[in-house]
Amino acid sequence: MKEIRFYYKLIYMHILSAVEYKGWWLMLIHVLFYVLLEPFGTVMMFLRFGSIGTWTMERILLVYALAVTSFGIAKTFLRGFDTFPSKMVRGGDFDRLLLRPKSLFTQTAASTFHLYRLSQPLSGIAIIIWCLIKLDISLTPLNLFVLITALIGGTVTYAGVFVMTSGIAFFTVKAVEWIYVFTNASYQVTRIPHEYIPGILKHVYTFWVPMLVISYYPASAICDWNEPLWTGFLALPAGLVVFGASMFVWRFGIRHYRSTGS
Amino acid sequence: MRKTVRACLSLFRISLAENFQYRTSALSGVVTNLVWCFIEAAAFGVFFKYAVNAGFSGGLTLAQTISYLWVREMLLMLLSYGINDELLTKITNGNVALEMCRPLDLYWHWFSRITAGKVAGFLMRGVICFLIAFLIPGGYGARLPASFSSFLVFLPSVFCAFLLGNAYEMLVTAIRTNTTWGDGPMHMMMLLPKVLSGSVLPLQLLPDFLQLVLLLQPFAGIIDIPARLYIGSMAPSEAWFGMSMQLFWSLTFIILGKWVMSRRLKSIVAQGG
């Protein structure tokens with residue numbers, strides 16, 4: 001509880017300092033544009049080429065939006081881990097955090113916060129709602145349960161990826177660019193209809209990092225596509241496994257931390 | 001004049017050597033680009049399969065589109081998400097005052113720094129990624145240019161794209177020296193080339209009635225025109241048109257950038273001590 005209050009205080013401080021700039025609200029719009037731009041290519045293709053077999057635009061966008069919303073929530077509230085490698089490890093600022101009598105996890109998570117990042121989860125949720133209406137899905141308690149566990153599971157999964165990156169950055173210092181494969185690139189894969197995803201990608205994004213487990217399978221469970229129902233409930237357990245593993249890496253990294261700064 | 005050129009050239013060499021240090025970083029970037037573009041290529045593959053079955057043919061064939069994607073992945077290195085990090089730090093922490101003390105034209109000084117940062121990224125990340133892409137099987141990989149003469153006009157066009165990308169970034173940098181507005185305007189300006197250069201979708205796949213406008217607007221020159229020359233959807237005989245568009249817009253941005261910069265520097269506020 002104390003940690004949450006502490007986290008909130010740090011975040012509040014970041015918000016106050018951000019709104020000092022005259023053009024701060026421009027960033028909100030910018031991220032909104034940026035976020036809408038990402039699926040723009042897919043939407044244009046659907047408009048020009050029409051549906052892919054049984055896959056309509058709404059179906060693709062629903063799967064996509066589930067992944068993007070989770071990603072957006074994790075990125076907004078754990079932004080500190082996202083910028084951690086470049087900001088904290090290389091600059092040596094992490095030393096300062098070690099001196100304070102507060103949880104390292106909370107301090108790192110709240111070391112950066114950008115209000116404008118909220119554009120992403122918010123627009124993601126809007127797209128989910130739009131798709132559900134278009135696909136004519138009624139929100140039964142079971143569907144709602146699947147939807148919410150999918151989002152929580154997804155958020156936890158992406159949070160895990162960010163934390164793991166930071167843990168690895170203790171050793172590599174730079175060169176964590178490849179992590180994009182598991183963050184920004186990972187939700188691009190949901191733009192391909194599931195049965196057409198090349199085998200290797202499907203394998204990586206199901207078993208290595210469960211991005212399809214938190215997006216495609218819950219969507220399938222809600223809309224009754226042809227996957228077994230139970231696969232829709234795997235999002236949360238899968239997320240927790242990823243998160244647990246990354247906490248291990250993070251702790252391991254801290255124990256072996258050697259300062260790079262002065 | 002000659003002194004400025006010499007100083008800028010040596011600055012360019014220093015920054016270039018510095019940027020070439022980050023080899024592992026570039027390597028991990030290559031992996032990212034390969035995965036990203038592979039996913040895109042697979043997505044387009046599915047679309048085209050169904051579109052052709054439905055009797056549709058867009059401005060491009062599938063083979064051309066996939067080739068386009070890989071060329072784009074290479075040229076994306078010319079297009080940054082924001083302005084050069086180093087310069088941004090200088091602007092925000094007030095070191096810009098220090099830069100102004102140097103007996104050098106600030107515009108060309110920064111221009112050469114930006115170029116050096118990009119050349120290193122382009123060669124180590126973009127070109128290597130592009131070469132590896134030829135090895136990808138299943139029709140998802142890069143292909144040879146449409147013809148030898150396409151390749152010959154592609155090269156100078158990439159050079160012009162470099163010039164254009166940097167000239168635009170310098171214009172944004174000049175505007176960013178107004179610190180009181182923060183990052184907002186800069187990011188908004190950087191969005192324009194994202195959409196209009198063809199980095200989201202090949203411009204020729206956008207609706208037909210927009211095509212002429214899309215070709216004449218400045219940002220086509222950063223990715224789309226070189227890529228068109230490569231895949232042959234713009235014939236080598238029309239290359240003079242594409243390249244003169246690129247040069248025209250580069251010149252416009254350079255003049256604008258210099259003008260904004262000289263105005264801004266008169267009333268610049270250096271933050272920090």
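This is a predicted model, so every value here is computed, not measured.
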Criterion side chain to side chain contact (heavy atoms under 4.5 Å, CB included) on Tyr50(B) and Trp55(A), from CA distance to verdict: CA-CA 11 Å; Tyr50(B) 272 88; Trp55(A) 284 86; over 6 Å; no
Apply side chain to side chain contact (heavy atoms under 4.5 Å, CB included) to Val30(B) and Trp178(A), showing your working. CA-CA 8 Å; Val30(B) 168; Trp178(A) 55 268; over 6 Å; no
With chain B as the partner, which of Met44(A), Gln188(A), Met45(A) has the greatest number of non-hydrogen pairs under 4.5 Å? Met45(A)
Heavy atoms of other groups near Tyr12(A) OH, more than 12 under 6.0 Å: no
Counting heavy-atom pairs under 4.5 angstrom with chain A, the leader among Leu191(B), Val35(B), Val31(B), Asn33(B) is Leu191(B)
Which atom of Val200(B) lies closest to which atom of Gly41(A), heavy atoms considered: CG1-N, 3.9 Å
Which region of Phe46(A), side chain (C-beta onward) or backbone (N, CA, C, O), has a non-hydrogen atom less than 4.5 Å from a non-hydrogen atom of chain B, or is it both or neither? both
Quick one: closest heavy-atom pair of Ala185(A) and Ile39(B), and the distance? O-CD1, 3.6 Å
Distance col, row Phe44(B):CZ vs Ile192(A):CD1, nearest 0.5 angstrom, shows 11.0 Å
Closest non-hydrogen atom pair, Val181(A) against Thr32(B): CG2-CA, 3.8 Å
So if I take each residue of residues 195-214 of chain A and look for any heavy atom under 4.5 Å from a heavy atom in chain B, which residues do I end up with? Tyr196(A), Pro198(A), Ile200(A), Leu201(A), Tyr205(A)
I'd like to check Asn184(A) versus Trp36(B) (side-chain heavy atoms, cut-off strictly below 4.5 Å). Are they in contact? yes
List for me each residue that meets salt bridge (charged side-chain N to carboxylate O under 4.0 Å, His left out) alongside Arg96(A), sequence neighbours excluded, and say none if there are none. Asp93(A)
For residues 206-219 of chain B against chain A, heavy atoms under 4.5 Å, the residues are Leu206(B), Pro207(B), Asp208(B)
At what distance, to the nearest 0.5 angstrom, does CE of Met188(B) lie from CD1 of Ile29(A)? 5.5 Å
Residues pairing under side chain to side chain donor-acceptor pair (under 3.5 Å) where one sits in residues 61-74 of chain A, two or more places apart or in two chains, turn out to be none
